[in-house]
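One structure is given below, encoded as structure tokens.
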Protein chains: 2
Amino acid sequence: MSYFRSRIVIVEDNDAVREGFSLIINSVSNYYVVNGYDNAEDAIKNLKKDKPDIMLMDLELPGMNGIDAINIIKKSSPHIQLIVNTIYENSDLVFQALCGGASGYITKNTSHSELLDAIDEVTNGGAPMSSKIAKMVVASFQKNPNSPLSARETEVLELLSKGKSYSMIAQDLFVTKETAKSHIKNIYSKLQVHSKSEAIAKATKEKLI
Amino acid sequence: MSYFRSRIVIVEDNDAVREGFSLIINSVSNYYVVNGYDNAEDAIKNLKKDKPDIMLMDLELPGMNGIDAINIIKKSSPHIQLIVNTIYENSDLVFQALCGGASGYITKNTSHSELLDAIDEVTNGGAPMSSKIAKMVVASFQKNPNSPLSARETEVLELLSKGKSYSMIAQDLFVTKETAKSHIKNIYSKLQVHSKSEAIAKATKEKLI
DNA sequence: TTTAAATCCCCCTAATCAGGTGAGAAAGCC
DNA sequence: GGCTTTCTCACCTGATTAGGGGGATTTAAA
């Protein structure tokens with residue numbers, strides 16, 4: 001744990017919630033809230049002045065949304081640890097926030113002590129997540145168990161998705177080019193597509209690869 | 001929380017550790033350890049008999065390794081929740097375990113109460129992870145901030161990685177095919193590659209896309 | 001004012017892609 | 001035993017592509 005008090009900025013449009021967070025965070029000695037904003041624009045404008053180590057960021061904000069804010073903040077100040085705090089558990093939002101550089105994602109049913117735990121965790125280089133979010137993140141690594149494709153076809157599609165040509169796939173799998181083509185034809189027929197890009201798009205969407 | 005005691009199987013080659021876990025888990029009312037094994041083969045053989053709801057799985061085992069075991073167990077009994085418990089924090093192992101269907105990944109510096117917390121969490125549909133593991137998982141969503149590629153080039157490479165042809169990329173970006181080609185030439189030169197597959201491989205490895 | 005980025009154009013050749021049609025061997029299922 | 005799927009291989013065709021070469025212009029940042 002740091003010997004310095006980490007500087008925290010809160011971006012949250014609900015005044016009561018924002019002030020509640022401030023009180024909680026300021027009640028412990030390791031942290032203090034340097035500023036709170038009800039919109040992302042003002043928070044971004046004052047980054048240089050506030051010098052936050054950690055930001056608590058709501059996603060549903062008036063004006064600029066939280067996802068865009070995360071991208072802007074992380075580009076200009078990559079050292080800032082962003083913790084998303086929102087009611088949304090929509091998977092697109094979660095992955096957009098994480099891809100944009102959020103260090104954690106906690107939902108708004110979080111207790112005061114859990115909020116402080118989350119701040120502790122990013123301070124120690126962790127990645128705090130609500131239980132449901134962690135589950136979504138872990139699930140994103142796993143394939144669809146109901147794939148219509150055979151093991152070999154999946155293998156071929158994986159190589160196709162790596163940009164390999166028919167002949168390269170054939171080489172990798174120690175078969176002839178005609179065999180690779182044959183697999184691809186069957187993949188197209190099963191997925192009801194007519195090109196590499198459609199096949200990869202469908203396979204990615206349905207987590208077949 | 002369930003009204004039934006969840007059935008737990010432990011796969012762990014260190015006898016003392018395995019028996020320690022059993023004692024801890026059996027000391028709470030929600031769970032009981034139906035069996036413990038010092039290798040994956042025996043655990044897999046007895047799946048039908050043991051009917052575990054949750055398995056605690058070490059990765060470094062004599063004979064079959066834990067990753068292969070996870071894949072086999074998840075294929076035959078997808079309802080089983082697997083919690084990896086290992087000393088390894090190697091990123092390849094973590095992602096292999098998660099891709100294979102592990103529900104959680106905790107490292108061996110975990111306290112007794114944290115172990116029980118992890119079991120509680122999978123019981124409630126969560127995905128328990130050690131702090132470092134969660135950080136690795138979240139980091140896997142984020143791009144390399146030191147990419148040599150321009151924003152436009154990254155965009156082009158992303159489309160290329162989706163299997164799109166030069167002309168499709170041009171259409172998507174509302175430019176001519178020659179422009180798309182020009183970007184791709186620059187990408188190849190910057191990445192020092194000479195084909196789609198090499199570019200995608202390098203970009204994926206270095207998280208440029 | 002030099003550099004990088006983004007756009008566009010021409011030429012070239014070998015290779016690729018997608019479709020059709022057909023077929024043999026092995027494995028699994030009822 | 002018969003059925004289906006899977007994996008393997010082959011030939012044909014026509015349109016497109018990929019990757020390389022050579023340039024050029026405009027804008028914006030350093």
> Can you tell me if B:Lys207 uses its side chain to pair, donor with acceptor, with the backbone of B:Lys143 under 3.5 Å?
Replying inline: no
>> Under the rule for salt bridge (charged side-chain N to carboxylate O under 4.0 Å, His left out), what residues qualify as partners of A:Glu60, not counting sequence neighbours?
In response: none
> Among side-chain atoms of A:Asp58 and A:Tyr88, is any donor-acceptor pair under 3.5 angstrom?
Replying inline: no
> Do any of residues 159-170 of chain B sit with a heavy atom less than 4.0 Å from DNA chain C, and if so which?
Replying inline: none
> With sequence neighbours excluded, what pairs up with B:Lys177 under the side chain to side chain donor-acceptor pair (under 3.5 Å) test?
Replying inline: none
N/O-N/O pairs, protein side and nucleotides 26-30 of chain C side, under 3.5 Å:
none

> Any luck finding a side-chain donor-acceptor pair between A:Ser182 and A:Thr179 under 3.5 Å?
Replying inline: no
> Does anything in residues 62-74 of chain B pair up under side chain to side chain donor-acceptor pair (under 3.5 Å), and if so which pairs, sequence neighbours excluded?
Replying inline: B:Asn65-B:Asp68
Output a table of nitrogen or oxygen pairs between the protein and nucleotides 3-7 of chain D separated by less than 3.5 Å.
residue	atom	partner	partner atom	Å
D:dT6	OP1	A:Lys190	NZ	3.4
D:dT6	OP2	A:Lys190	NZ	3.1
D:dC7	OP1	A:Arg152	N	3.3
D:dC7	OP2	A:Ser150	OG	2.3

> Between A:Asp38 and A:Arg18, is the closest basic N to carboxylate O distance under 4.0 Å?
Replying inline: no
>> Holding to salt bridge (charged side-chain N to carboxylate O under 4.0 Å, His left out), I want the full list of residues that pass it with B:Lys45, two or more places apart in sequence or in another chain.
In response: B:Asp42
>> If you assign each of B:Leu173 and B:Lys185 to its closest nucleotide in DNA chain C, which residue comes earlier from the 5' end?
In response: B:Leu173
>> Roughly what angle, to 10°, lies between the helix axis at the start of the helix from C:dT1-D:dA30 to C:dC30-D:dG1 and the one at its end, five pairs per end?
In response: 70°
>> Could you work out, with side chain to side chain donor-acceptor pair (under 3.5 Å) as the rule, every residue matching B:Lys49, not counting sequence neighbours?
In response: B:Asn46
> For the side chain of A:Lys181 and the base of C:dG20, is some donor closer than 3.5 Å to an acceptor across the two?
Replying inline: no
> Looking at residues 195-209 of chain A, who's got a heavy atom less than 4.0 Å off DNA chain C?
Replying inline: A:Ser195, A:Lys196
> Taking only residues two or more places apart in sequence or in another chain, which ones pass salt bridge (charged side-chain N to carboxylate O under 4.0 Å, His left out) with B:Glu198?
Replying inline: none
>> My understanding is that only residues two or more places apart in sequence, or in another chain, count here; which of them pass salt bridge (charged side-chain N to carboxylate O under 4.0 Å, His left out) with A:Asp92?
In response: none
